[in-house]
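Every value quoted in this text rests on a predicted model; they were computed, and no experiment measured them. Residue numbers count from 1 along this sequence.
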Amino acid sequence: VERDLLAAPDSAAVEQRAGIMSGRAHLAVILARGLGTRMRRDHDETELDAAQQAAAKHGRKAMMPVAGGRPFLDYILSSLADAGLTQVCLVVAPDHEAMRDHFARHPTHRVTLDYVVQPEPTGTADAVLAAEAWTAGRDFIVLNGDNLYPVDALRALADLDEPGLVAFDRDTLIRDGNIAPERIQTFALLDVGPDGLLRQLVEKPDEAEFARLGGGSRGVSMNVWRFDRAIFQACRDVGLSARGERELSQAAALAVTRGLRFRVLPIAAGVLDLSGRGDVEDVSRRLAGLEPAT
């Protein structure tokens, strides 16, 4: 099932849906707007077929054919459906015809797809803001369009009944996913209080912060969250990052300083990351034989 929400829904629909907060979440927002800068870069040791080369050339990570030729996004949608997240918003670029064409040819049956356009690649916090009208006041899950998360992690967030995030175990990420040890410092590391609430989130920590946070031993964020509508104000107010973007991790950190509570769910499981061309072969190998059901 596919719908188009490039414009905000009518007010009657918003009023009908607004106020349905907490409880089990059924909405998921997939951030699929990025430029795919790493994916566009050549990788001398990587051999891609023609379809994969075309996806890499345009930075279309979510639409990268893997395993038997199905796009990576199909595996993400299948995992969301398995976790009971049946209403999905794809935050996309204006030129997202390849994605639309795919789902026109292969309609989804387990999830409903909506499209929201983020006109410019101005950061993940702005991407979340683009979906504000779509959420209509309800709690929702946010996840990257270039990561395949374990179903148990998605289900735990959906069942949480309050804002929160998954804290992945560093050693398990390295052992069971395709995350190299040296990449841990490029993610956001977590400082969690004895009450299980997020105290601090440090994106791409320097050496001193990396050591202070135990080298990621206290938890690594892979940018999968459960939010309520309070996050939108932090996304509006957060300053620009060093890259000149409004980053979701920094918006969440700002929200924490303002007193918002995020429950941290520790999970020991791997994540498949499809950031660059060098990831395609390994991801395809790990997904071989799995048939996504969307």
**Student:** Please give me the minimum heavy-atom distance between Asp273 and Val283, naming the atom from each residue.
**Tutor:** O-CG2, 3.7 Å

**Student:** Could you check whether any side-chain N or O of Tyr115 sits under 3.5 Å from a backbone N or O of His96, counting only pairs where one atom can act as donor and the other as acceptor?
**Tutor:**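 Not confirmed, Tyr115 side chain does not pair with His96 backbone.
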
**Student:** Could you tell me which residues satisfy side chain to side chain contact (heavy atoms under 4.5 Å, CB included) with Ala180, sequence neighbours excluded, listed by chain and number?
**Tutor:**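 Here the qualifying residues are Glu182, Arg183.
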
**Student:** Taking it one step at a time, do Val238 and Leu248 satisfy side-chain contact (heavy atoms from CB on, under 4.5 Å)?
**Tutor:** CA-CA 9 Å; Val238 70; Leu248 181 58; over 6 Å; no

**Student:** Less than 4.5 Å apart, side chain to side chain, heavy atoms only: is that true for Leu143 and Leu80?
**Tutor:** yes

**Student:** Please name the pair of heavy atoms, one in Ile231 and one in Ala252, separated by the smallest distance, quoted to 0.1 Å.
**Tutor:**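 Shortest heavy-atom separation between Ile231 and Ala252 comes out as CD1-CA, 4.2 Å.
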
**Student:** Quick one: does any side-chain atom of Arg286 pair with a main-chain N or O of Gly177 as donor and acceptor, under 3.5 Å?
**Tutor:**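 A pair under 3.5 Å: yes.
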
**Student:** Might you point out which heavy atoms bring Ser275 and Lys61 nearest each other, and give the distance in Å?
**Tutor:**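 Result for this residue pair: O-CD, 3.6 Å.
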
**Student:** Check whether Tyr149 and Ile174 end up in the same hydrophobic cluster, where Ile, Leu, Val, Met, Phe, Trp and Tyr are linked by side-chain heavy atoms less than 4.5 Å apart.
**Tutor:** yes

**Student:** So among Leu148, Asn147, Val220, which one has a side-chain contact (heavy atoms from CB on, under 4.5 Å) with Val271?
**Tutor:** Asn147

**Student:** Closest approach of Phe72 and Asp146, non-hydrogen atoms and distance?
**Tutor:**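 For Phe72 and Asp146, the tightest heavy-atom pair comes out as CE2-C, 3.5 Å.
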
**Student:** Could you walk me through whether Leu240 and Arg246 pass side-chain contact (heavy atoms from CB on, under 4.5 Å), step by step?
**Tutor:** CA-CA 5 Å; Leu240 297 179; Arg246 299 190 188 281; 3.8 Å; yes

**Student:** Who pairs with Thr172 by side chain to side chain donor-acceptor pair (under 3.5 Å), at least two apart in sequence or on another chain?
**Tutor:** Asp169

**Student:** Can you measure from CD1 (Ile30) to CD1 (Ile141) and round to the nearest 0.5 angstrom?
**Tutor:** 11.5 Å

**Student:** Check the hydrophobic clustering (I, L, V, M, F, W, Y; side-chain heavy atoms under 4.5 Å; chains of links allowed) and say if Leu198 and Leu254 are grouped together.
**Tutor:** no

**Student:** Hey, what do you get for CD (Gln53) to CE (Met64), rounding to the nearest 0.5 Å?
**Tutor:**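 Gln53 atom CD to Met64 atom CE measures 9.5 Å (nearest 0.5 Å).
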
**Student:** Can you list the residues that meet the side chain to side chain contact (heavy atoms under 4.5 Å, CB included) rule with Ala83, with sequence neighbours excluded?
**Tutor:** Leu85, Val151, Leu154, Arg155

**Student:** Minimum heavy-atom separation for Ala28 and Trp134, please, with both atom names.
**Tutor:** O-CH2, 3.8 Å

**Student:** Can Leu201 be reached from Val256 by stepping across I, L, V, M, F, W or Y side chains whose heavy atoms are under 4.5 Å apart?
**Tutor:** yes

**Student:** Flag the pair Val116 / Leu90 as yes when at least one side-chain heavy-atom distance between them is below 4.5 Å, and no otherwise.
**Tutor:**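 Not in contact.
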
**Student:** With distance as the sole test, does Gln87 use its side chain to make a donor-acceptor pair with the main-chain N or O of Leu27 at under 3.5 Å?
**Tutor:**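 Side chain of Gln87 to backbone of Leu27: no pair is present.
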
**Student:** So which pairs with a foot in residues 249-259 pass salt bridge (charged side-chain N to carboxylate O under 4.0 Å, His left out), sequence neighbours left out?
**Tutor:**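 For residues 249-259, and leaving out neighbouring residues, the salt bridge (charged side-chain N to carboxylate O under 4.0 Å, His left out) pairs sorted by first residue read Asp237-Arg258.
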
**Student:** Report the distance from atom CG of Asp152 to atom OG of Ser79, rounding to the nearest 0.5 Å.
**Tutor:**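 Rounded to the nearest 0.5 Å, the CG-OG separation comes out at 10.5 Å.
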
**Student:** What's the verdict on side-chain contact (heavy atoms from CB on, under 4.5 Å) for Asp126 and Gln118, showing C-alpha distance, side-chain angles and the deciding distance?
**Tutor:** CA-CA 8 Å; Asp126 279 342; Gln118 182 188 13; 3.6 Å; yes

**Student:** With heavy-atom distances below 4.5 Å as the criterion, would you say the side chains of Val280 and Leu274 are in contact?
**Tutor:** yes

**Student:** Taking ring pair (Phe, Tyr, Trp, His ring centres under 6.0 Å) as the definition, give me every residue that meets it alongside Phe232, ordered by chain and number, with sequence neighbours left out.
**Tutor:**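 Counting only residues at least two positions away or on another chain, Phe232 forms a ring pair (Phe, Tyr, Trp, His ring centres under 6.0 Å) with Phe140.
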
**Student:** For a quick test of reading the model, state the closest non-hydrogen atom pair linking Arg261 to Glu162 and the distance between them.
**Tutor:**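 The answer is NH2-OE1, 4.3 Å.
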
**Student:** Measure from the side-chain N and O atoms of Arg226 to the backbone N and O of Ala158, and report whether any donor-acceptor pair falls under 3.5 Å.
**Tutor:**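 Checked: pair present.
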
**Student:** Side-chain heavy atoms under 4.5 angstrom apart, residues restricted to Ile, Leu, Val, Met, Phe, Trp, Tyr: same cluster for Leu173 and Phe210?
**Tutor:** yes

**Student:** How long is the gap from CG on Leu265 to CG on Asp159, to the nearest 0.5 Å?
**Tutor:**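 Spacing of CG (Leu265) from CG (Asp159) equals 10.0 Å.
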
**Student:** Tell me whether Arg33 contacts the main-chain N or O of Pro119 through its side chain, where contact means a donor paired with an acceptor under 3.5 Å.
**Tutor:**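 It does hold such a pair.
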
**Student:** Ala253: which residues meet the side chain to side chain contact (heavy atoms under 4.5 Å, CB included) condition with it, sequence neighbours left out?
**Tutor:** none

**Student:** Check whether Ser284 reaches the backbone of Val66 with its side chain - one donor and one acceptor, N or O, closer than 3.5 Å.
**Tutor:** no

**Student:** Go through the structure and list residues passing salt bridge (Lys or Arg N to Asp or Glu O under 4.0 Å) with Arg236, not counting sequence neighbours.
**Tutor:**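 Here the qualifying residues are Glu132.
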
**Student:** Is there side-chain contact between Pro71 and Phe103, with heavy atoms separated by less than 4.5 Å?
**Tutor:**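 With C-beta onward as the side chain, the pair stays apart.
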
**Student:** Excluding sequence neighbours, so at least two apart, what forms side chain to side chain contact (heavy atoms under 4.5 Å, CB included) with Val202?
**Tutor:** Gln200, Pro205, Glu209, Arg212, Leu213

**Student:** Could I get the full list of side chain to side chain donor-acceptor pair (under 3.5 Å) partners for Ser241, not counting sequence neighbours?
**Tutor:**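 With sequence neighbours excluded, Ser241 shows a side chain to side chain donor-acceptor pair (under 3.5 Å) to Glu247, given in chain and number order.
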
**Student:** Not counting sequence neighbours, list each pair that qualifies as a salt bridge (charged side-chain N to carboxylate O under 4.0 Å, His left out) and has a residue in residues 198-208.
**Tutor:**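 Applying salt bridge (charged side-chain N to carboxylate O under 4.0 Å, His left out) to every pair that reaches into residues 198-208, excluding sequence neighbours, yields Asp191-Arg199.
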
**Student:** Hey, are the side chains of Val128 and Leu31 touching, using non-hydrogen atoms and a 4.5 Å cut-off?
**Tutor:** yes

**Student:** What residues form a side chain to side chain donor-acceptor pair (under 3.5 Å) with Arg285, not counting sequence neighbours?
**Tutor:** Asp282

**Student:** Is it true that Leu260 and Phe227 fall in one hydrophobic cluster, defined by side-chain heavy atoms closer than 4.5 Å?
**Tutor:**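 Cluster IDs for Leu260 and Phe227 match.
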
**Student:** Look up atom NE2 in His26 and atom CG in Asp139, then write down how far apart they are to the nearest 0.5 Å.
**Tutor:** 11.0 Å

**Student:** Flag the pair Phe187 / Ile179 as yes when at least one side-chain heavy-atom distance between them is below 4.5 Å, and no otherwise.
**Tutor:** yes

**Student:** Mind jotting down which residue pairs meet the salt bridge (charged side-chain N to carboxylate O under 4.0 Å, His left out) criterion with at least one end in residues 74-85? Sequence neighbours excluded, please.
**Tutor:** Arg70-Asp74, Asp82-Arg110

**Student:** Using the rule given for side-chain contact (heavy atoms from CB on, under 4.5 Å), can you reason through His109 versus Thr294, listing the C-alpha separation, both sets of side-chain angles and the distance that settles it, and then say yes or no?
**Tutor:** CA-CA 6 Å; His109 300 286; Thr294 62; 5.9 Å; no

